[in-house]
Each structure stands twice: as C-alpha cells, then as structure tokens.
4 protein chains.
Amino acid sequence: MSSRLDPPTDRREQILRAAMICFARRGFHQASMHDISAEAGISVGLIYRYFENKDAVISAIADQHKQRVQELLERARQAPTLLEALEVLFTEHCCDNTPQVISAFVVDLFAEAGRNPRVADLVRDVTTTAMKGVTELIAKSPEALAGMQNMSPRELAELIFALNDGMLMRDVLAMHRPPEQIRERQLKVARNLWRLLFSHSSEGAIA
Amino acid sequence: MSSRLDPPTDRREQILRAAMICFARRGFHQASMHDISAEAGISVGLIYRYFENKDAVISAIADQHKQRVQELLERARQAPTLLEALEVLFTEHCCDNTPQVISAFVVDLFAEAGRNPRVADLVRDVTTTAMKGVTELIAKSPEALAGMQNMSPRELAELIFALNDGMLMRDVLAMHRPPEQIRERQLKVARNLWRLLFSHSSEGAIA
Amino acid sequence: MSSRLDPPTDRREQILRAAMICFARRGFHQASMHDISAEAGISVGLIYRYFENKDAVISAIADQHKQRVQELLERARQAPTLLEALEVLFTEHCCDNTPQVISAFVVDLFAEAGRNPRVADLVRDVTTTAMKGVTELIAKSPEALAGMQNMSPRELAELIFALNDGMLMRDVLAMHRPPEQIRERQLKVARNLWRLLFSHSSEGAIA
Amino acid sequence: MSSRLDPPTDRREQILRAAMICFARRGFHQASMHDISAEAGISVGLIYRYFENKDAVISAIADQHKQRVQELLERARQAPTLLEALEVLFTEHCCDNTPQVISAFVVDLFAEAGRNPRVADLVRDVTTTAMKGVTELIAKSPEALAGMQNMSPRELAELIFALNDGMLMRDVLAMHRPPEQIRERQLKVARNLWRLLFSHSSEGAIA
DNA sequence: AATGAATGAGGCTTCATTCAT
DNA sequence: CATGAATGAAGCCTCATTCAT
C-alpha cells in the first residue's frame, strides 16, 4: 500500500468526496464528469488517472458505502445492549455529509442496482452482510430471546432493516427540512418498533 | 370511431405503458425517447404528439402512479378488517406489470424526487394522501384501538409505510427471482408486524 | 381556368394569405407548414393538395409579389406626371397587409434569393421589369428630360429604386412604430430626391 | 504556442469566419452547426467551448459587423473631403471576404432583425451610430453647407444610407457576377447622387 | 502529475411530408 | 375534398473520453 497521506490516496479521496456530493445532488447519470472535476477543483482528465471511467467512480463510491456500513456494523456490535446497537445503526446517515446527502445517494444506489448488475451485487453484498450482522446480534441478545414474538432472529432483522430503508427513502422528500428534526421524528417511530419487538410482555406497557 | 376507447387515449396509454417498462429497465434518464418509441412500436416523433416532452412523460407516469395508489387506498378502505386492508395495500405492486417493474420504477421515482421539485411534490402528495388514508383506517379500527401499543394512529401508519417502502426498495436487488416467492416472504414479515401492532395480548398468538 | 370564385382558387388564396403572414412573422424557413395551416384555419395535409411542397408555397408567394409589383407599375404608368407615378410606386407596400408585413417579407425574399436560385430568378425578374418600366417612364417624361442632371434614364431609375429598397430595408427595424409615421418620414426624404432629380433649376425650389 | 494571438481568440476567429461563410451561403437558420464546424475544419462540440449556443454565434457575428462598421466610420471621418469620406463608406463591403458574402449576410441580418428583438437592437445600434456619424460629417462639410438643397444634414444622410442599403440589397441578385464590376457600376450611380447633393450649381458639371 | 482542448456518438426535439380514413 | 395521425431524417446540444502539452 502506501502511507496514509500519499497523493494517490488523497486524490482518490478528494475525487470520491466530490463525486458523492455531485451524485447526491444530481444523481449518478445526471452528474457529469465535469461537475465532479469542478467540485473537486481539479481538471477532468485527472479523474481518469485515478479511475478508469465513470462507472469505476460509481463503483468506488459504492465500495466506500459498503465500508461505511461495515464500520457501522462493527460499532453496533460493540454496543452493550441490542437497543443501543440499533440506535447506532439507525444513525448511520451522519458522517461529514448531511443525512439527506446520504439518503439521496443511497436511494439512487438502489435505483442503479436495479439496472447495473455490478452495482446490484455490491449493494446485495452490503445488505446481506448487514443483515447477517444484525441477525447475529439479535440471536445473541437476551432481550430478543425473551420477547421474540414468535419471529426468528432473521425475520426480526428483516423488519428492522425494512424500517430503516423505508425511512431513508422518505428522507428525499424532505430535502428542505432540518435534518435533526427529521431524524428525531423517525427515531421515535423506530424506537416504538424496537420496544415492541424486544420488550418482555411481563413488563407490561413500557412507554 | 373506435370501440372502447378513443385513439388518443389508447395511444397515450400505449406510450405510457412502454415508458413504464423502459423507465423500470433503465431509469428515467437512461431510457431514451427512442427506447420508448421502440418499446411502444411507434416512431419517436409520435410521442411528441401526445406529450410535450420527456419530462411530461415522466410526470404522466408519476400521475398514473398517484392514481394507482389512490384506487388502491379506496379498495383498502372497503376491506372488512384492518388486517385485510393492510394486505390489500401491501399487494399494491401487482397490476398488469410484474412487481419488480413497479418497484424499480418507484425507487427511481423517489430518487428523482430528490432532485426534481415537481416530482418531489407529486410523490409527497401521493405519500401524504396514502398516509392520511391509512391513519384514518387505523383510527377507526377496533383492533387498533385495543392494541394500540402506546402509539398514535399516525405513528402506526408511519411504521407500516416504512415497512412497505423498505421492502419495495429491496425488491430491486432480486430482479431475477420469481416475484411470488419474494412477495410471500415479505408478506410473512409484514404480517408479523401487523399482528404485533394490532392484536390484543389477551388473544395470544393470532397467526 | 375557372370562374373567379371556385374553391381551388379560393383555397390557394386563403393559403397564400396565411403563408404571407407567417413568412413575414417568422421568416420562410422558421415558419412551419403547421403554422401556415393554423393561420389559414385548415389542416396541414390540405396545403399539399394545392402546393407540391413548401418551396412551391414560397415560389407562389414570390409570384404573387411579382404580380403585385406589375400591377403597381401599371398604375404608375397611368399617372399624369412622373412625380405622381413615383409616389404610386413608393406607396407600394400598402395592400390589405400592414407595410411592415410587406417589408419583412421582401427583405426575407431578397435574403432567400441569395441562396435559392429559383427565387433569385424570380426576384431578378421582378426588379428587372420594374426597372425597365420606370426607365421608360423617365425617358418619356418631360420633367426628367429637362433636369436630367447628366444621368441616363437608366441611372436615374437605379437611384430611385435603390432609395426605395433601402428605405424598405430599414422598415424592419421599426416594427413597433405606427406605419403611417414611418411612411411619411420616408416619403419626405424620397420627395427630396425626386425634386432634385427632376426639377429644372430655373424653376427654383419646387416643394 | 502561437505567435501573435492566444489560441482561444484564434479559435473564436476561426469559428466566426466559418460561420460568416455558412451564414452568407445558407442563411442563419439554414446553416447548421455541422456546416459551420465542417467549414472551420473542427468538430461540432468544439464550437460549444467557445460559444454558448448557435444564437451566441449569430450575436457574435452581428457584433463583429458592428465593429467593422464603426472602424469604417472612423476611417471615413479622417478623409479630407466629404466625397472621399462617402467613397470610403461605400466601399465597406470589401475586407477579407468577397463583397457578396457581406451583402448576403447583411440582408439576412436585417431579415433576422425583423423577428429577433436582440438582433434588431444590435442592427439599430449600428445604423444609428453610422447615421449620426455621417450626419455630423455632412454638417461639418463646406461642400454640403453650400449645396444643401433645402435638406437638413440628417435628411441628406438618410438619402445616402438608403442608397447604400438599397444597392447592397441588390447585390444578392448578382451572386455570380464579378464583384468589381458590380461595385463599379454602383459607385457610378452613387457618385451621381453625391455630386447632385453636394456640388454648387455654380460649379456646373463636376464629374 | 496535471491540464483542458478536442472529438464524436448519442440524446431530445422539430418538422416537412405522406396516407388511411 | 379534408383531416390529422404517423413517419423519420436532421438539427441543436451534451458529455464521456482521449491526448498533446
């Protein structure tokens, strides 16, 4: 490899960051290579020194997304309780970019997956890994085992991810509203589900 | 003239059907007007006799989607029980087109909403209407009132829709698998949620 | 031929009148066949029953122009004095259409003559005929013979026509101003030239 | 790289020269961007690096025309006598291009001015400036003051310009004839007018 | 390593023309 | 006679990609 900050890696990062912004703003195919180069403050030709073509940029961004999700999963795994792990996972969409940037990007990523098999494989890989991770998390969790509700850990994980993705999908309709407000509202609903799934009936209404 | 439908309406439908297929296959912007005309078996120019431009075709498709959802909501409203209404809603994605066509299209529609304000308004309109309809359905339903789980009808509706959308988003990753199989698996998980939300604990396991 | 008002002739007239308006408004090539049909209140296809194609319409309009000029020349010839004849000629641009319509059309006609040889022939024919007519008019006129200014009748005619055309060319820059005002101003200048050319110095100031 | 001019300016010039030729040959709207690129020996896309769109090319050409006229006016102003100044102005149409190219272009420019307000403004600007310049020239000229013929300097200028434009308009009908021959004939007529306007009768025949 | 001029295929759209009704 | 739906070539413009500097 190379040390942490040598030019090649830096350049790649710089380009990918710019690409991410452009893709979120205009979509994979509406964003032009020129848009990306302008956003990155470099020339168009330079992009081609680090990426074979536009598709390679898209793939690289998708890869980056995959890694982000894996890191997230790792952090979730280290949370003391299942509910805390879920909160970590749910807050995924907040890095250096605003949540809507991530949301717009992810929705476009799924849309692209519907056409581009390479992207589809990659997204499937991400979701499968995440799903497996959360399924394990649930299987190992005492709260889950107790509440279980007649559902398998796998089914519980599916419910949870569907909720996550469904909320993310709605984000793009509220591009103008303050991110925190959106997230808070969504978190409230998500917590309702988690409580429902993972609280023992013996505890009665938990509030 | 013609028997059932006047030609203009027929043509519009024919074009929209072709556009739907192309949009699902390649996305709004990757699908060319030529693709659509070829799929419809007509010439490119003819499309412009029925639609001002490509954007108008996209808008018309989005409108069609809106109406489909509204009809669906109407049918759901007439179901005898809440759970049956939810089943109706969940089965949305099956008309003349295969479910994946609808899914791919809807995901792209949301992606587009993230950029095109006109599309965003339309999609927001659809989701708002649907949400309101289901919220009312829940508010009027005895099962819901009983189980309620400390959630407002509105929150319950949000949960349900998030699940719906989340599942739909995943559809695009399974473009190759038989639709029924996908739907069945998803339905199972969805029923789990509905049971959880709307069954009195006194009744025990319902399914 | 046919009687004065049989449909074919009427239709042709109707189409040509509409074409004239469209050509003046948008130019020969910017005006579409659809524009013309709409202006005439008929269908596009019908135009093709009366004209082989768009070029034929342009040619027919040019022909019409030629006839209009010839009639004008005829009227000018019957004027009692040369100066009156010139006034008739100069007022050419006023039929059922506003003068600017004619001006815009004529300028476009000359522009088209620069490319389309058939139109060039036709326009040349018009100008040649008109020139010959006016040259004769001058040659026969006592005023002219007296003043003559060392110019041949032919040269005098050239001067007069250049003035006419030059003024007409400027009309298109004043599309918004009241036609009478423009014409009056131009007429004043034209009269100055005519007086200069055709008044004996012995007569002193004539105007 | 280049010796005298930086490449961007060269390219713009190259494109404008090619556009001028194409516009004169086929008219503004009949000349395609492909025609221009072929004439310039470059690709279509390259034109768009130097001009926003086709209209911008037309505007640039019109601007160029404006500057050419202004330079001409400057040269005319420096002529020792009024008659010599007029000769300079009249010979306008001869630069690097053949006179007919200029004539065809100017006639088309006026035709376009009849429809496109932006072009109309520009052409009006040119004619107004030129007219003002010549009016001043006349007002300051002793020959004019003497002969005057009861006309104001402004009216005299109008006469002169109408003659110029009228002759230019006729140029397009003689696209095939040798330019010098045309010019000579026209010059002879023009001189007749000038002599008439600006020669004291006491001097008798001047030419 | 970096630039950005240059290419040309391909997309959207218009429009003259035809033809079934 | 009249309509207007239908065709498809052609025009304007964009953009991924290459390459000389």
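Per chain, numbering begins at 1; letters A, B, ... match sequence-line order. Note that this is a predicted model, so its numbers are computed, not measured.
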### Message
One pair to check against side-chain hydrogen bond (donor to acceptor under 3.5 Å, both in side chains): D/R11 and D/Q14. What are the steps and the verdict?
### Response
CA-CA 5 Å; D/R11 275 282 188 237; D/Q14 178 189 11; 2.5 Å; yes
Those residues that, when tested against [X], pass side chain to side chain contact (heavy atoms under 4.5 Å, CB included) (two or more places apart):
| X | answer |
| --- | --- |
| C/A38 | none |
| B/A24 | B/V101, B/A104 |
| B/S37 | B/H34, B/I42, B/V44, B/I47 |

### Message
For A/D63, give me all partners under salt bridge (Lys or Arg N to Asp or Glu O under 4.0 Å), at least two apart in sequence or on another chain.
### Response
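If we apply the salt bridge (Lys or Arg N to Asp or Glu O under 4.0 Å) test to A/D63, skipping adjacent residues, there are no hits.
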### Task
With sequence neighbours excluded, tell me which residues meet salt bridge (Lys or Arg N to Asp or Glu O under 4.0 Å) with A/D125.
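Expected list: A/K66.
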### Query
Stem ranges for DNA chain F, with three or more consecutive Watson-Crick or G-U pairs under 3.5 Å?
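Output for stems: E:2-21 with F:2-21.
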#### Entry: Qualifying residues under side-chain hydrogen bond (donor to acceptor under 3.5 Å, both in side chains), relative to B/D121, sequence neighbours excluded
B/R124
### Query
Excluding sequence neighbours, so at least two apart, what forms side-chain hydrogen bond (donor to acceptor under 3.5 Å, both in side chains) with D/K54?
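With sequence neighbours excluded, D/K54 shows a side-chain hydrogen bond (donor to acceptor under 3.5 Å, both in side chains) to no residue whatsoever.
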### Message
With salt bridge (charged side-chain N to carboxylate O under 4.0 Å, His left out) as the rule and sequence neighbours excluded, what pairs involving residues 33-52 of chain A come up?
### Response
A/R25-A/E39, A/R26-A/D35
### Query
For C/F51 and E/dT18, what is the distance between atoms CZ and P respectively, to the nearest whole Å?
16 Å
### Query
Heavy atom of residues 107-122 of chain B under 4.0 Å from DNA chain E: which residues?
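Within this stretch, nothing sits under 4.0 Å of the strand.
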### Query
What residues form a ring pair (Phe, Tyr, Trp, His ring centres under 6.0 Å) with B/F23, not counting sequence neighbours?
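Applying ring pair (Phe, Tyr, Trp, His ring centres under 6.0 Å) to B/F23 gives B/F28.
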## Note on the structure
Protein heavy-atom contacts under 4.0 Å, written 5' to 3' over nucleotides 4-13 of chain E as B (base), S (sugar-phosphate only) or - (none), form the string BBBBB--SSB
